[in-house]
Amino acid sequence: MKLSEKNKHFFDNVYEVAHLIPKGRVTSYGAIAKYLGTGSSARMVGWAMNGSFSKKEPVPAHRVVNRNGQLTGKNHFATPYQMQELLEAEGIKVADDQIIDFEKVFWDPMRELGF
DNA sequence: TGGGTGACCATAG
DNA sequence: ACTATGGCCACCC
């Protein structure tokens with residue numbers, strides 16, 4: 001049974017934006033939701049990320065954090081420390097589940113993609 | 001059909 | 001500074 005086209009559309013959009021995040025940059029759930037516009041909400045972005053692990057192609061979910069720059073979703077990775085390691089591997093400093101210089105590494109799809 | 005939940009965000013007091 | 005509440009909307013009983 002196929003999922004509704006609308007629903008699929010939304011999930012694909014989230015994954016697509018996640019892939020568009022440049023290396024060494026991060027964005028927030030709310031920013032993605034806003035970029036997608038109607039039919040999207042910050043919670044749904046997180047929900048979509050939860051399903052991202054079911055995807056065959058890897059989704060850089062570690063580049064998506066909450067608006068505070070906290071690694072709230074680290075607990076959903078294979079291991080809680082994997083998210084931080086992936087970020088640090090890209091040059092992003094993380095301390096106590098908090099991204100350092102979050103404003104500098106923040107990537108806003110509305111701004112970078114030219115809304 | 002409807003209530004509970006969630007990797008969130010904004011506002012109010 | 002903190003907690004409480006509502007909104008958001010797909011998903012799972």
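Order of the sequence lines sets the chain letters (A, B, ...), proteins ahead of strands, with each chain counted from 1.
Comparing atom distances between the A:Lys34 side chain and each of B:dA7, B:dA10, B:dG6 picks out B:dA10 as nearest. Counting only heavy atoms from C-beta on, A:Phe77 has its side chain closest to B:dA7 among B:dA7, B:dG6, C:dC8. Here the side chain of A:Arg67 is nearest to one of C:dC11, C:dC8, B:dA10, namely B:dA10. Residue A:Tyr29 has its side chain nearest to B:dC9 when only B:dC9, C:dA10, C:dC8 are considered. Side chain of A:Trp47, nearest nucleotide from B:dC9, C:dC8, B:dG6: B:dG6.
A:Glu90 and A:His62 share a side-chain donor-acceptor pair at under 3.5 Å.
Hydrophobic clustering places A:Met44 together with A:Ile32 (ILVMFWY residues linked when any side-chain heavy atoms are closer than 4.5 Å, directly or through intermediates).
Atom pair A:Asp108:CG and B:dC9:C1' shows a separation of 15 Å (rounding to whole Å applied). As a whole-Å value, the separation of A:His76 NE2 from B:dG6 C1' is 8 Å. Look at CG on A:Asn68: it is 11 Å from P on B:dA10, rounded to the nearest Å. Atoms CD (A:Gln84) and C1' (B:dA7) sit 16 Å apart, rounded to a whole Å. Rounded to whole Å, the distance from CG on A:Asn66 to P on B:dA10 is 10 Å. One can place OH of A:Tyr15 at 14 Å from P of B:dA7, the figure rounded to the nearest angstrom. Rounded to whole angstrom, the span from the CG atom of A:Asp97 across to the P atom of B:dA7 amounts to 15 Å. In this structure, A:Asn75 places its CG atom 12 Å from P of B:dG6, rounding to the nearest Å.
When side chains are defined from C-beta on, A:Thr72 counts as touching A:Tyr29, because their heavy atoms get closer than 4.5 Å. Under the 4.5 Å side-chain criterion, counting only non-hydrogen atoms from C-beta, A:Leu20 is in contact with A:Trp107.
Nucleic acid contact class of A:Asn50 (heavy atoms, under 4.0 Å, all strands): base. At a threshold of 4.0 angstrom between heavy atoms, the contacts of A:Ala48 with the nucleic acid are absent.
For C:dC2 and B:dA7, the C1' atoms lie 23 Å apart once the distance is rounded to whole Å.
Atom OH of A:Tyr81 is surrounded by 12 or fewer heavy atoms from other residues, nucleotides or ligands within 6.0 Å.
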